[in-house]
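Because only heavy atoms are used, hydrogens play no part in the values below, and waters and symmetry mates are left out as well, while side chains stay in. Atoms within each ligand, like the ligands themselves, are counted from 1 in listed order.
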Amino acid sequence: MTTHTNLTVLLSAPDTGELEQEYVLRAMQSGWVAPAGPDLTAFEEEVAQRVGVRHAVGLSSGTAALHLALVSWGVGAGDVVPCSTFTFAATVNAIRYVGAEPHFVDCDEETGNMSPALLEQALTELKAAGKNVPVIVPVDMLGKCVDYTAILNIAEAHGARVFCDAAESFGATYDGKPAGSFGDASVVSFNGNKIMTTSGGGMLLTNDGALAAHVKKLSTQAREPVPHYEHTEVGYNYRLSNILAALGRAQLARLDEMLKRRRDWRERYRELFANAPGVRILGGADDAGDNCWLTAIVVDPDLSAWTVQELSAALTEAGVESRPVWKPMHLQPVCKGLNGVIDGTSERLFEHGLTLPSGSAMTYDQFDQVQSAIMKATE
Ligand SMILES: *Cc1c(COP(=O)(O)O)cnc(C)c1O
């Protein structure tokens, strides 16, 4: 919670080693030290293939990917965009960059993912109010896919696009289909703390070739394909570096191994809390499709006799990092005055939830340190 200089076990530290060094060095030696080059192209192809989409556009961040698809679709002032309230600020920031109005939708108790019932209510109310709703943005919370069957059906019935914020769910599946392959387009993030990293970076994933081409153009200053610098629309400098793409290719080669390690922690946490009264894992009992990016517990203090705030303080003392789950966007000062359909669920999860060390670079000895600290604090 507070920054502590003696933290020895981190929530989700980057997991990089010799393979990453080798790939990055090779990219530098190739001379492609630029936001263009063969590693960037190959990284896009490899990610598209892994997720099963036709197009992937490598960008400087997941936020940039969120921003540019909204720009390309012409979403802007006068539009309302329903999105998860229980999310990281980037989802909402991107909607505001283009001048549209985020409309917050609360979540399901078990998973923290956008509630289909509340989305339906939001879309019905917005339609009755005569609002224009070009797109909705659900978020796959901590690496668990939203209920895509329900969400896609509701959006289709209301004529809205679905833009999936899969920043946290790369490597996860829903109904056997990879996260990032749903809806009109998806965003993944390769930030330093995500399931795999390019230090900073992200991608837009889509089967829509025109969208992918336009986003790529927008990300490279919207230069027209002529010899001189010709511009007919406002561009951005958002392209992913070839060097970072090389790092991403090494990470992608290790993704399954890293997913396995995170799932291992999930299983150990489940065992650790199996008999703890009032404690559950956010996401529910079925995590077969999750990427287990971060494991978070939700605690009912009436049953547990301790609070997540107390546990967090004890973990900090023991050198272990922990963090509250996302503070709902409708509670953020920066979102004052924005509306939505809020039923109190995300507020409760925020108050009683705690994210625990889950990184694939965590060692078994470090997990033992986490486990001992938890047992001591909760006995
Ligand atoms: C990390 C994250 C993002 C932003 O990704 P960046 O690559 O850091 O810009 C967007 N949405 C969610 C839900 C995230 O967790």
Quick one: side-chain hydrogen bond (donor to acceptor under 3.5 Å, both in side chains) partners of Asn113, sequence neighbours excluded? none

Can you list the residues that meet the side-chain hydrogen bond (donor to acceptor under 3.5 Å, both in side chains) rule with Thr87, with sequence neighbours excluded? Thr91

Value for SG (Cys107) from CG (Leu349), rounded to nearest 0.5 Å, stands at 5.0 Å

Are any protein N/O atoms closer than 3.5 Å to the N/O atoms of ligand 1? If there are, list each pair with names and the distance to one decimal place.
unit_1, atom_1, unit_2, atom_2, d
ligand 1, 5 (O), Ser189, OG, 3.3
ligand 1, 7 (O), Gly62, N, 2.7
ligand 1, 7 (O), Ser189, OG, 2.7
ligand 1, 8 (O), Asn191, ND2, 2.8
ligand 1, 9 (O), Gly62, N, 3.3
ligand 1, 9 (O), Thr63, N, 2.9
ligand 1, 9 (O), Thr63, OG1, 2.5
ligand 1, 11 (N), Asp165, OD1, 3.3
ligand 1, 11 (N), Asp165, OD2, 2.7
ligand 1, 15 (O), Glu168, OE2, 2.6
ligand 1, 15 (O), Lys194, NZ, 3.2

May I ask you to check whether over 12 heavy atoms, not counting those of Glu233, lie within 6.0 Å of atom CD?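 Yes - once you tally the heavy atoms of other residues, nucleotides and ligands closer than 6.0 Å, there are more than 12.
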
What do you reckon, is NZ of Lys131 surrounded by more than 12 foreign heavy atoms closer than 6.0 Å?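 Incorrect, the count does not exceed 12.
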
Could you list the donor-acceptor pairs under 3.5 angstrom formed by side chains in residues 149-161, with sequence neighbours left out?
unit_1, atom_1, unit_2, atom_2, d
Thr149, OG1, Tyr174, OH, 2.7
Asn153, ND2, Thr149, O, 3.1
His158, NE2, Glu120, OE2, 3.0

